[in-house]
Protein chains: 2
Amino acid sequence: MMGGMAAGSKPLRSDAARNRDKLLVAATQVLAERGLDAPLEHIARRAGVSIGTLYNHFPTREALLGAVLPQRMAALDEITAAALAHPDPWAGFAGFLEGLFTLQAEDHSLNEALTQSFSLATDVSQACHRGFRDVERIIERARTAGRLRADFAPTDLVTLIWAMSQVIRESMETAPDTWRRFLAFFLDGLRAEAAHPLPQGHRSADR
Amino acid sequence: MMGGMAAGSKPLRSDAARNRDKLLVAATQVLAERGLDAPLEHIARRAGVSIGTLYNHFPTREALLGAVLPQRMAALDEITAAALAHPDPWAGFAGFLEGLFTLQAEDHSLNEALTQSFSLATDVSQACHRGFRDVERIIERARTAGRLRADFAPTDLVTLIWAMSQVIRESMETAPDTWRRFLAFFLDGLRAEAAHPLPQGHRSADR
DNA sequence: CACAAACTTGAGGCAACCCTCAGATTCGTA
DNA sequence: TACGAATCTGAGGGTTGCCTCAAGTTTGTG
């Protein structure tokens, strides 16, 4: 499952190891600032290294993302753990969402990564899928407690993440609290007592 | 008001007028398919015209958008009118949202235009602002009827449009009905009886 | 110290897209 | 029909970003 990171690799020469670290630091910063398709040249420059060296260590952009993002996503683990530990299932669920989106708002790369997680490097999707188990438990717990509406499915959370990613992106500069207000509206629709029947199945394949 | 199109301009030569029309048709199609920053070369090619001709008629991308988008947005007028005419204020409000997002889902350029409307060509923002008056009335009507929660402001609709634009974009290929489900959840949070106090921090949503 | 292997460098070839402009073409009128 | 003005064309110069590779530099071991 977890293997041991990049363990078992060949030992790097000292200068190479140093450069690799500088690249990871720079990449973390630049990606957080400019998103997942920040120019690789920027990252190399910020690391004080040539573009060729970047390609030496990370032959593709995905390889680089795979080295940076899972680490960033580790922050999510604390949040899911706290949510599960919360005595009130609904408060745990709501707190989880708040923590998740706070992270997204702080890190542009995380925001995009969560949105695109299924088309990304395997390392990244793995990190996503691993965490998803806990998320399902958070949802299930709030639902069986009768607080979260029964027809809310884990995949609906993916949709919410999509929605929030855009709200965060658009409002970040001018009114960075916007997402909290939006989330409050949405949460009010997720309470069990607020539930109205959802639109029926989509049998209109043609129009 | 709309009298004769680009009224006040000098009369175009016949071939020029024909090319201009072909460009508008092509642009409408290509923009709907590929979004607001579709390559201008694609549009010229689809119109069967050279890139130079495109620049002849529309010296900037914004000029082209300004000629295409307001027309597309006219479809919104019907929707707002229908919403205001609906006997049930809540159903009018909900129907308006459904119509709006249906349009967004059908036209990629409209989707992006609505989310970016404030950084776009004046023609486009004007079209937006004009329509916004009616939208405010739709909201106000549902609110004073006691159906829409009292703390929902017109600017919250902008946020919802941001959110939806991403949901539509991400799900369009694989599950194009996703946005309806999401909207249903959200609407349940907008009903007056579902309202819980919003987070403090920024009091009301006066922009 | 010497030297091979490991590593770095950055110019340079690609590709996509933007926009321009001198010369060729077409229109419409006299 | 002729001809000037209006219009069209598309090669070409500029930009940004991707990725490669031959030549130079550093490391660490014998």
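If you're wondering where the values come from, they're calculated on a predicted model, not measured in any experiment. Lettering of chains follows the sequences in order, A, B, ..., and the numbering in each one begins at 1.
Nucleic acid contact for A:S14: sugar-phosphate only, since backbone atoms but no base atoms lie under 4.0 Å from a heavy atom of the residue.
D:dT7 atom C1' lies 15 Å from atom CZ of B:F58, rounded to whole Å. Atom pair A:R61:CZ and D:dC18:C1' shows a separation of 9 Å (rounding to whole Å applied). Taking atom CZ of B:R20 as the reference point, atom P of D:dA6 lies 18 Å away to the nearest angstrom. In this structure, the CD1 atom of A:I43 is 15 Å from the C1' atom of D:dC19, given to the nearest Å. Distance, B:I51 CD1 to D:dG14 C1': 15 Å, rounded to whole Å. Between the CZ atom of A:R18 and the P atom of C:dA6 there is a distance of 18 Å, rounded to whole Å. Spacing between atom CD of A:E62 and atom C1' of D:dC18 amounts to 15 Å, rounded to whole angstrom units. Residue A:L54 contributes atom CG, which lies 12 Å from atom P of D:dT20 at whole-angstrom precision.
For A:H57, no side-chain nitrogen or oxygen approaches OP1 or OP2 of C:dC7 to under 4.0 Å. A sub-4.0 Å separation between OP1 or OP2 of C:dT8 and a side-chain N or O of A:S50 is absent. An OP1 or OP2 oxygen of C:dT8 is reached within less than 4.0 angstrom by a side-chain nitrogen or oxygen of A:N19.
Looking only at side-chain heavy atoms (C-beta outward), A:V167 and A:F101 stay at 4.5 Å or farther from each other. Counting only heavy atoms from C-beta outward, the side chains of A:F186 and A:L97 never approach each other to under 4.5 Å. Between B:T60 and B:Y55, every side-chain heavy-atom pair lies at or beyond the 4.5 Å cut-off.
Ranked by how close their nearest DNA chain D nucleotide is to the 5' end, B:V49 and A:Y55 are led by B:V49. Each of B:G52 and A:A16 was assigned the nucleotide of DNA chain C with the nearest heavy atom; the assignment lying further toward the 5' end belongs to A:A16. Nearer to the 5' terminus of DNA chain C, by closest-nucleotide assignment, is the contact made by A:N56 (compared with the other of B:L12 and A:N56). Checking B:R13 against B:E41, the closest nucleotide of DNA chain D that is more toward the 5' end is the one next to B:R13.
With D:dC18, C:dC19, D:dT26 as the candidates, the nucleotide lying closest to the side chain of A:L40 is D:dC18.
For A:F182 and A:W179, the ring centers sit 6.0 Å or farther from each other.
In this structure, the side chain of A:R34 does not engage the main chain of A:H108 through any donor-acceptor pair within 3.5 Å.
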